[in-house]
Structure formats: structure tokens, C-alpha cells
Amino acid sequence: MTDEPCQCPDCQRFYREHDRLIREFPTLKQQQELNWASIQSFRTLCGKVTDELQKRLSEKNSNDELNTEDIQKFTNSEIEEAITDLENINAYLYSIEALMERIFDVKVSDKIEKKFKEIAGEIAPDPLNIDRLILNRLFHQTPDFPDKKN
Ligand SMILES: [Zn+2]
């Protein structure tokens with residue numbers, strides 16, 4: 001048994017995305033804006049799809065003979081189930097948004113924002129950063145790990 005983090009493709013994708021979001025949004029303000037935009041876009045998209053499905057459901061029920069092929073692709077229960085699921089998601093997102101508004105109230109000084117950037121650089125360094133590439137090369141050329149040529 002090891003404490004090594006899971007390395008399956010899904011987890012690796014998550015670690016990469018997690019680090020990228022720290023690297024590209026390294027201040028409190030940027031994280032606030034990013035997460036706000038992320039919640040809002042999630043809600044907007046789910047809301048629009050829910051509206052669309054509700055419209056189709058009512059069209060389907062009101063004029064069966066005029067059904068287009070597109071509407072017929074879904075069964076009523078399929079649409080109803082999806083609407084319920086999406087409405088649940090939207091309710092959760094709404095709660096998250098209410099909490100996130102409180103997070104948004106907080107502003108920190110430039111000094112603290114600098115600390116955020118510093119820590120972000122430490123925990124999620126740019127894998128393609130030239131300093132890091134040089135550092136990696138140096139690590140692989142230490143006397144303990146001699147170059148294959150020698
Ligand atoms: Zn995993």
C-alpha cells in the first residue's frame with residue numbers, strides 16, 4: 001500500500017487541469033472571477049437546455065401529428081427524466097452561487113495577491129517554463145546520474 005496519488009488517465013487529466021487553473025489564474029481575484037464565470041456558464045447552459053426540453057415536451061404533447069423527426073428522437077420519459085436531473089443540478093448550482101457571492105465580497109491587498117502568485121508558482125510550475133526545463137536537464141546530469149555518453 002502506497003500513498004502515491006492515483007495515476008489513472010482520468011486522475012492525470014484532473015491533476016493537469018487542476019495545476020493549469022492554478023498556473024493560469026494565480027491570484028485570489030482571478031480565482032474568484034474564474035469560478036464565478038464557471039458557475040454562471042454552467043447554469044446558463046443547463047438552464048437553456050432545460051428550457052428547450054420543456055418546450056419540446058409541451059410541443060410533443062400538444063400537437064402529436066406535427067411532430068418533427070427531431071422531437072421524435074426522444075421519448076417523453078427520456079425528456080422528463082433529463083429535465084428533472086437538470087433542474088436538480090440547477091438547484092445545486094444556485095446554492096453554490098449564493099455561497100460564492102460571499103467569497104466574492106473578499107478583497108485582499110496587493111501584498112497578499114503577490115503571496116498567492118508565489119505559492120501558485122511553487123505548487124503548479126509551468127511544465128514548459130524555460131527555467132524548469134533547464135533545471136530538469138541539470139537534475140538528469142548530476143554526477144549521481146551520469147550522462148549515458150560518459
Ligand atoms: Zn484515478
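First listed ligand is number 1; within each ligand, the first listed atom is number 1. Model, not experiment: these values are computed from the prediction.
Looking at E78, its side chain does come within 3.5 Å of a backbone N or O of T75 through a donor-acceptor pair.
Looking only at side-chain heavy atoms (C-beta outward), K107 and E113 stay at 4.5 Å or farther from each other. Taking the side chain as every heavy atom from C-beta outward, E52 and K48 never approach each other to under 4.5 Å.
Partners of E33 under the salt bridge (charged side-chain N to carboxylate O under 4.0 Å, His left out) rule, at least two apart in sequence or in another chain, are K29.
Protein atoms of type N/O/S that fall under 2.8 Å from the Zn ion (ligand 1) number 3 in this view.
Within 6.0 Å of CZ in F104 there are more than 12 heavy atoms belonging to other residues, nucleotides or ligands.
Looking at E118 and K115, a side-chain N of the basic residue comes within less than 4.0 Å of a carboxylate O on the acidic one, giving a salt bridge.
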